[in-house]
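Before any comments, here is the structure.
From a predicted model like this one, the values you see are computed outputs, not experimental measurements. Along the sequence shown, residues carry numbers from 1. Heavy-atom basis, side chains included; hydrogens, waters and symmetry copies ignored.
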Amino acid sequence: MTQPPHDEPTAASPEELREQVARTRQELGETVEALAAMTDVKARAQEKAAEVKEQTTAKAGELKEQAALKAGEVKEQAALKAAEVKEQAALKAGEVKAKAAEAAARVQDKLPDPVKDKAAQAADQARGTVARAGRLWQDKAPEPVRSTTARGGRLARDNRGLLLAAAAATGIWLLYRRKG
């Protein structure tokens, strides 16, 4: 048969021999199981798939977290930029309004008194005519047209200074044009 391994002494009694055989059988069984596990391709593929799935899930979670952080940063930057643009627009609007008021004041200062008086009379006449037209409008115009016109009127009232400045500039231009 076979010879015993060199590092293991030979059995002195039948009882020791049985123990050696039992131990050898157990070791051999474990070795066979390990070899069977290594040759079980399906089980190894499933283990590898589970490992890859776990890694993929972890990486997806990291990427999702990074994307959320980046989205928050971009949103914050956009809000800051929007606030900056809004502030700049408000400053520009204030500058334009101030310039329009200055132009209107200069025009009013340059107008002779008779022109101012005639303008006041014309304004009074216009107010009366507008009041009559308004009453007529309320009586005759359909509701959708009245609501649209009302919105336009509110817009004009809200930008009254700008409209007056434009009217004054137009008046000056007309005066200079007549003289020239």
Side-chain angles (χ1 to χ4, degrees), residues 1-105 134 137-170:
M1 283 207 167
T2 62
Q3 293 183 349
H6 298 293
D7 60 342
E8 207 175 290
T10 58
S13 70
E15 189 62 35
E16 285 180 17
L17 186 59
R18 283 188 200 109
E19 286 177 21
Q20 283 179 357
V21 170
R23 218 179 13 251
T24 304
R25 281 183 185 157
Q26 185 175 351
E27 290 173 3
L28 185 60
E30 290 173 2
T31 304
V32 169
E33 282 181 21
L35 288 172
M38 289 170 65
T39 59
D40 188 1
V41 176
K42 184 178 178 181
R44 290 183 69 191
Q46 287 174 343
E47 288 174 5
K48 187 67 174 176
E51 181 182 321
V52 168
K53 182 180 178 183
E54 185 178 310
Q55 290 173 349
T56 304
T57 303
K59 189 66 173 176
E62 289 175 23
L63 292 175
K64 185 177 178 182
E65 187 177 315
Q66 289 174 356
L69 289 173
K70 194 65 169 173
E73 290 174 9
V74 168
K75 184 178 178 182
E76 187 177 313
Q77 289 173 353
L80 289 173
K81 192 66 172 175
E84 182 181 320
V85 168
K86 184 178 178 182
E87 185 178 323
Q88 289 174 351
L91 289 173
K92 281 290 184 190
E95 290 173 9
V96 168
K97 192 173 181 179
K99 287 180 182 178
E102 286 177 27
W137 175 261
Q138 288 294 330
D139 293 342
K140 303 286 180 174
E143 175 54 35
V145 175
R146 285 190 306 218
S147 65
T148 302
T149 307
R151 281 194 305 260
R154 282 192 299 274
L155 184 63
R157 276 193 302 278
D158 292 345
N159 296 303
R160 188 178 312 164
L162 187 59
L163 290 173
L164 289 174
T170 303

Worksheet item: From Asn159 CG over to Lys97 NZ, what is the distance, rounded to the nearest 0.5 angstrom?
Response: 8.5 Å

Worksheet item: CD of Glu19 to OG1 of Thr24: how many Å apart, nearest 0.5 Å?
Response: 11.5 Å

Worksheet item: Once you round to the nearest 0.5 Å, how far does CD of Glu16 lie from CZ of Arg23?
Response: 9.0 Å

Discussion item. Quick one, Leu155 with Arg151, criterion side chain to side chain contact (heavy atoms under 4.5 Å, CB included). Give me CA distance, side-chain angles, the key distance, then yes/no.
Written reply: CA-CA 6 Å; Leu155 184 63; Arg151 281 194 305 260; over 6 Å; no

Worksheet item: To the nearest 0.5 Å, how far apart are CD in Gln26 and OG1 in Thr31?
Response: 10.5 Å

Worksheet item: Would you find more than 12 non-hydrogen atoms of other residues, nucleotides or ligands less than 6.0 Å from Glu65 atom CD?
Response: no

Item to complete: Run the numbers on Glu73 and Lys70 for salt bridge (Lys or Arg N to Asp or Glu O under 4.0 Å), then give the verdict.
Response: CA-CA 5 Å; Glu73 290 174 9; Lys70 194 65 169 173; 3.8 Å; yes

Worksheet item: If you round to the nearest 0.5 Å, how far is CD of Glu33 from CG of Leu28?
Response: 10.5 Å

Worksheet item: Would you call Lys81 and Glu84 a salt bridge, taking side-chain N to carboxylate O under 4.0 Å as the test?
Response: yes

